[in-house]
Asks: 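Here's a structure for you.
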Amino acid sequence: MIDLNFLGRFRSKAKFKKTYKNAKASYLNRIRFAVGMFYFAMGLCFATWASRIPSIKAALDLSEGQLGSILFALPLGQLLIMPFSGKVVTRFGSHRILIFSLLFYAFSLTNLGLATTSWQLSIGLFLFGVFGNLANIAVNTQGVYTEVLFKKTIMSSFHGMWSFAGFTGALVGLGMLALKLSPYYHFVIVAGIVLIMVAFNYKFLVKAKEKIKVQEKKKKLFAKPDSSLIWLGVIGFCCMASEGVMFDWSGVYFKDVVKAPGALEILGYTSFMIMMASGRFLGDGLILKFGRKKVLQISGLVISLGLFTSVLFPYIIPCTIAFMFVGLGVSTVVPTLYSVAGKNPSVPAGEALTIVSSVSFLGFLMGPPVIGHIAEAFGLRFSFAFIGIFGFFIAFMVTRIKAIE
């Protein structure tokens with residue numbers, strides 16, 4: 001197994017400016033708001049693209065298989081930049097890289113609306129993936145810094161902002177479809193909103209320097225990670241594959257299978273995002289009351305229930321409710337897995353999280369393109385049924401991992 005934690009060779013400690021040490025609560029809250037807005041802006045960009053996939057698919061006259069192949073360009077861009085993102089953020093500062101990458105992320109979004117051929121769309125998605133990964137590493141680094149200033153866990157609320165942005169993006173997409181606005185003009189409007197967010201909040205990003213020391217003992221390129229972490233990653237893979245499919249294919253499913261008229265084609269995506277955002281804001285309370293294992297088991301079953309319901313009853317109302325179930329199911333799985341991984345007694349938290357997140361993220365990246373090819377061969381309903389099995393697998397695997405209590 002390849003050791004994906006290339007940053008584990010470094011030990012870093014952030015050094016904050018003195019102005020943060022005695023900062024007033026109001027100033028700290030302004031920092032938290034600013035970082036939250038950057039999470040929101042990132043989620044808004046991605047949701048905006050996802051909401052117009054059916055329109056772009058129809059405009060370019062793409063089949064499910066062709067769309068699936070083109071969608072590989074986005075994870076390809078993310079995977080190629082991934083080994084360098086952390087080093088770039090550490091070298092130049094997360095606040096600088098976040099501003100730079102988010103602006104180019106929004107600019108890349110507008111280019112997707114200009115694509116008139118499949119190769120143009122592929123190049124656009126590749127760049128969208130590159131800048132998206134840079135922004136993701138930078139914004140989560142800012143989230144960690146902000147937690148340090150507050151001296152309490154607030155990361156969940158940041159990820160909730162990302163999910164809330166997905167819901168907002170879906171609603172905006174619904175309005176743009178109702179107005180019959182082209183994807184390009186839709187994307188330009190959203191890019192303008194992101195620019196305004198950056199302009200009003202960039203001054204409040206946390207400025208910190210990393211002290212980096214290379215360990216005297218170098219790690220081997222090939223290392224055997226803790227097996228429990230791998231299995232946590234596999235559970236995360238199943239969850240994020242389900243999540244990724246909903247992002248990229250829920251609109252197509254409503255358009256081609258449910259036959260939803262006009263602007264209602266993104267109703268499924270909207271319902272999914274509403275419940276995912278709600279579940280993330282409520283997840284901590286549910287885990288406190290029922291425990292991690294029970295919540296994860298129920299989450300897996302709810303994911304399968306939602307996907308199989310959408311396959312068996314391909315009509316607007318049942319599918320809308322079904323996609324709400326999927327959103328609720330996926331909402332708490334990955335945050336809970338990260339929490340468990342970070343408390344692994346034999347592996348440092350940073351390394352444990354890298355292993356789990358790396359395996360999990362592959363599901364989000366690879367799931368949607370693979371589904372396109374399955375849909376080409378057997379139909380979109382069959383491909384959704386295939387992903388539905390993953391929820392049962394999550395519920396089963398949770399019972400086999402002792403670390404989850």
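Keep in mind that the numbers below use all heavy atoms, side chains included, and drop hydrogens, waters and symmetry copies.
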Asks: Hey, what do you get for CE (Met176) to CD1 (Ile189), rounding to the nearest 0.5 Å?
Replies: 4.0 Å
Asks: Out of curiosity, Glu376 CD to Ile371 CD1, how far, rounded to the nearest 0.5 Å?
Replies: 13.0 Å
Asks: Could you tabulate the donor-acceptor pairs under 3.5 Å formed by side-chain atoms of residues 264-275, not counting sequence neighbours?
Replies:
unit_1: Thr270; atom_1: OG1; unit_2: Ile266; atom_2: O; d: 2.8
unit_1: Ser271; atom_1: OG; unit_2: Leu267; atom_2: O; d: 3.3
unit_1: Ser271; atom_1: OG; unit_2: Gly268; atom_2: O; d: 2.8
unit_1: Ser271; atom_1: OG; unit_2: Thr320; atom_2: O; d: 3.3

Asks: Apply side chain to side chain contact (heavy atoms under 4.5 Å, CB included) to the pair Trp249 and Leu71, showing each step before the final yes or no.
Replies: CA-CA 11 Å; Trp249 287 100; Leu71 289 176; 4.1 Å; yes
Asks: Quick check: closest heavy atoms across Met42 and Gly132, and the distance to 0.1 Å?
Replies: CE-O, 3.8 Å
Asks: Might you point out which heavy atoms bring Phe187 and Leu109 nearest each other, and give the distance in Å?
Replies: CD1-O, 3.1 Å
Asks: Hey, which of Phe323, Phe254, Phe325, Tyr315 is the one that makes side chain to side chain contact (heavy atoms under 4.5 Å, CB included) with Ser310?
Replies: Phe323
Asks: Could you walk me through whether Ser69 and His373 satisfy the side-chain hydrogen bond (donor to acceptor under 3.5 Å, both in side chains) test, starting with their C-alpha distance in whole Å, then the side-chain angles of each, then the deciding distance to 0.1 Å, before giving a yes or no?
Replies: CA-CA 8 Å; Ser69 296; His373 290 282; 3.1 Å; yes
Asks: Roughly how far, to the nearest 0.5 Å, is the CZ atom of Phe164 from the OG atom of Ser278?
Replies: 9.5 Å
Asks: Do you know which two heavy atoms are closest between Phe128 and Leu74, and how far apart they sit?
Replies: CD2-CD1, 3.8 Å
Asks: I need the Leu127 CG to Ser122 OG distance, nearest 0.5 Å.
Replies: 11.0 Å
Asks: When rounded to the nearest 0.5 angstrom, what distance separates OG in Ser108 from CZ in Phe126?
Replies: 11.0 Å
Asks: Which pair of heavy atoms, one from Thr399 and one from Ala395, lies closest together, and at what distance?
Replies: CG2-O, 3.5 Å
Asks: Carefully, step by step, assess Phe386 and Phe382 under the rule ring-ring contact (aromatic ring centres under 6.0 Å, His included).
Replies: CA-CA 6 Å; Phe386 173 78; Phe382 180 87; 7.2 Å; no
Asks: Please report the C-alpha distance between Phe38 and Asn201 in whole Å, then the side-chain angles of each, then the deciding distance to 0.1 Å, and finally whether the side chain to side chain contact (heavy atoms under 4.5 Å, CB included) criterion is met.
Replies: CA-CA 8 Å; Phe38 275 86; Asn201 294 289; 3.9 Å; yes
Asks: Please identify each residue that fulfils side chain to side chain donor-acceptor pair (under 3.5 Å) with Ser331, with sequence neighbours left out.
Replies: none
Asks: Taking atom CG as the centre, does Leu179 end up with more than 12 heavy-atom neighbours from other residues, nucleotides or ligands that are less than 6.0 angstrom away?
Replies: yes
Asks: Between Ser55 and Leu177, does a side chain to side chain contact (heavy atoms under 4.5 Å, CB included) hold up when you go through it step by step?
Replies: CA-CA 9 Å; Ser55 301; Leu177 280 171; 3.6 Å; yes
Asks: Can you list every pair that meets salt bridge (charged side-chain N to carboxylate O under 4.0 Å, His left out) and has a residue in residues 307-320, with sequence neighbours left out?
Replies: none
Asks: Between Trp49 and Ile56, does the side chain to side chain contact (heavy atoms under 4.5 Å, CB included) criterion hold? Intermediate values first, please.
Replies: CA-CA 10 Å; Trp49 149 246; Ile56 293 175; 3.5 Å; yes
Asks: Given the rule in the side-chain hydrogen bond (donor to acceptor under 3.5 Å, both in side chains) test, do Thr116 and Gln120 qualify, once you have shown the distances and angles that lead to the verdict?
Replies: CA-CA 7 Å; Thr116 57; Gln120 290 175 342; 2.9 Å; yes
Asks: Report the distance from atom CE of Met161 to atom CZ of Phe33, rounding to the nearest 0.5 Å.
Replies: 7.0 Å
Asks: Where do Leu102 and Val198 come nearest, in terms of heavy atoms and distance?
Replies: CD2-CG2, 3.7 Å
Asks: How close do Ser299 and Val295 get, heavy atom to heavy atom, and via which atoms?
Replies: OG-O, 2.7 Å
